[in-house]
Undergrad: 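Pasting a structure here, questions to come.
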Amino acid sequence: QVQLVESGGGLVQAGGSLRLSCAASGCTFSRYAMSWFRQAPGKEREFVAVVSMSGLSTKYADSVKGRVTISRDNAKNTVYLQMDSLKPEDTAVYYCGARSGSYLYARAHESEIWGQGTQVTVSS
């Protein structure tokens, strides 16, 4: 059974940084494109970033480009999201997703697997 477990969320002041982690188990991690999405109260789940199976290709939402870096360590079955210069509008539950294959997806329905989410709260 494939499982994704996120960690690293918390409360941070505007301008601060957080590093989210997502550990995968029960799958051949290197065969999955890995993503981060977020969902604020009352809003739809939105794309943040995605990384290819090898880690060499990435794609970001315009709203986070330049402030966020997605990376992965296939030896540790873990994907990361480094978030800098955080803003109050970044407040949301952040979800890790996975999709088998090389396609760099950016729509929530395209993810095959989801983690349980981790809360990120940015205070002004």
Undergrad: Identify whether V93 and I113 are in the same connected component of the hydrophobic contact network (ILVMFWY, side-chain heavy atoms under 4.5 Å).
TA: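 No, no single cluster joins them.
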Undergrad: Validate the cation-pi geometry between R19 and Y80: distance from NZ or CZ to the six-membered ring centre under 6.0 Å, angle to the ring axis within 45°.
TA: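 Satisfied, under 6.0 Å and within 45°.
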Undergrad: Is the shortest heavy-atom distance from the side chain of Q39 to the side chain of E46 under 4.5 Å?
TA: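 When only atoms from C-beta onward are counted, E46 and Q39 do not touch, as no gap falls below 4.5 Å.
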Undergrad: Linking I/L/V/M/F/W/Y whenever their side-chain heavy atoms sit closer than 4.5 Å, directly or via other members, would V79 and M83 fall into one cluster?
TA: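 Yes.
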Undergrad: So, S52 side chain and S102 main chain: donor-acceptor pair closer than 3.5 Å or not?
TA: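 No; zero donor-acceptor contacts below 3.5 Å.
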Undergrad: Quick one: does K87's side chain have a donor or acceptor within less than 3.5 Å of a partner on G15's backbone?
TA: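 Pair absent, no side-chain N/O of K87 close to backbone of G15.
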Undergrad: Between Q13 and V122 (side chain of the first, backbone of the second, donor and acceptor by atom type, cut-off under 3.5 Å), is there such a pair?
TA: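 Here the side-chain-to-backbone pair does not exist.
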Undergrad: What heavy-atom pair brings D90 and S85 nearest, and what distance separates the two atoms?
TA: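 The pair with the smallest heavy-atom distance is OD2-O, 4.5 Å.
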Undergrad: Following the transitive rule for hydrophobic clusters with a side-chain heavy-atom cut-off under 4.5 Å over Ile, Leu, Val, Met, Phe, Trp and Tyr, establish whether V12 and Y94 coincide in one cluster.
TA: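 V12 clusters together with Y94.
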Undergrad: Taking V48 as the starting point, is it possible to reach I70 by hopping between hydrophobic residues whose side chains are less than 4.5 Å apart?
TA: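 Same hydrophobic cluster.
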Undergrad: Identify whether NZ of Lys or CZ of Arg in R38 sits under 6.0 Å from the centre of the six-membered ring of Y95 and within 45° of that ring's axis.
TA: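 R38 over Y95 ring: no.
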Undergrad: Taking D62 first and then K65, would you say they form a salt bridge - that is, a charged N and a carboxylate O separated by under 4.0 Å?
TA: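 Counted as a salt bridge, because a side-chain N and a carboxylate O are separated by less than 4.0 Å.
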Undergrad: Under 4.5 Å between any side-chain heavy atoms of M34 and C96, yes or no?
TA: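 They are in side-chain contact.
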Undergrad: Should S17 and D84 be marked as a side-chain hydrogen bond (donor to acceptor under 3.5 Å, both in side chains) after you check the CA-CA gap, both sets of side-chain angles, and the distance that decides it?
TA: CA-CA 4 Å; S17 297; D84 301 313; 2.7 Å; yes
Undergrad: Would you confirm whether T91, through its side chain, and P88, through its main-chain N or O, come within 3.5 Å as a donor-acceptor pair?
TA: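 Yes; at least one donor-acceptor contact below 3.5 Å.
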Undergrad: Of the non-hydrogen atoms in S54 and R72, which two are nearest, and what is the gap between them?
TA: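 Of all heavy-atom pairs spanning S54 and R72, the closest is C-CD, 4.4 Å.
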Undergrad: Which heavy atom in W36 sits nearest to a heavy atom in L81, and how many Å separate them?
TA: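 Taking W36 first and L81 second, the nearest heavy atoms are NE1-CB, 3.5 Å.
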Undergrad: Any chance you could measure R99, atom CZ, to R107, atom CZ, to the nearest 0.5 Å?
TA: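 With rounding to 0.5 Å, CZ (R99) is 9.0 Å from CZ (R107).
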Undergrad: Could you check Y60 against T69 for side-chain contact (heavy atoms from CB on, under 4.5 Å), going step by step and ending with a plain yes or no?
TA: CA-CA 8 Å; Y60 296 94; T69 303; 3.8 Å; yes
Undergrad: Do you know which two heavy atoms are closest between V51 and L104, and how far apart they sit?
TA: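 For V51 and L104, the tightest heavy-atom pair comes out as C-CD2, 3.8 Å.
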Undergrad: Closest approach of S111 and W114, non-hydrogen atoms and distance?
TA: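 Answer, listing the atom of S111 first, then W114: CB-CZ2, 3.4 Å.
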Undergrad: Any side-chain heavy atom of F29 sitting closer than 4.5 Å to one from M53?
TA: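 Result no, sub-4.5 Å side-chain heavy-atom pair not found.
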Undergrad: Give me the atom names and distance for the closest heavy-atom approach of G117 to E6.
TA: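 Nearest pair, atom of G117 first, then E6: N-OE1, 2.9 Å.
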Undergrad: Is there a chain of hydrophobic side chains (I, L, V, M, F, W, Y, each step under 4.5 Å between heavy atoms) that links V50 to L4?
TA: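 No; L4 is not reachable from V50 via cluster members.
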Undergrad: Looking at T78 and K76, would you say the former's side chain and the latter's main chain have a donor-acceptor pair under 3.5 Å?
TA: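 Answer holds: yes.
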Undergrad: Please confirm whether the backbone N or O of G26 pairs with a side-chain atom of Q3, one donor and one acceptor, at under 3.5 Å?
TA: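 Not a single qualifying donor-acceptor pair exists.
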Undergrad: Has the side chain of R31 got a donor or acceptor atom that lies under 3.5 Å from a matching backbone atom of C27?
TA: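 Judged by distance alone, no pair lies under 3.5 Å.
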Undergrad: Between Q82 and S71, is a side-chain contact (heavy atoms from CB on, under 4.5 Å) present by the stated rule, with each step listed?
TA: CA-CA 8 Å; Q82 176 67 41; S71 62; over 6 Å; no
Undergrad: Do N74 and S30 get their side chains close enough for a donor-acceptor pair, meaning under 3.5 Å?
TA: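 Result is no, nothing qualifies.
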Undergrad: Does a side-chain heavy-atom distance below 4.5 Å link Q119 with T121?
TA: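 Sidechains of T121 and Q119: in contact.
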Undergrad: Angle class for the F37/Y105 ring planes (parallel below 30°, perpendicular above 60°, tilted otherwise)?
TA: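 Ring orientation of F37 relative to Y105: parallel.
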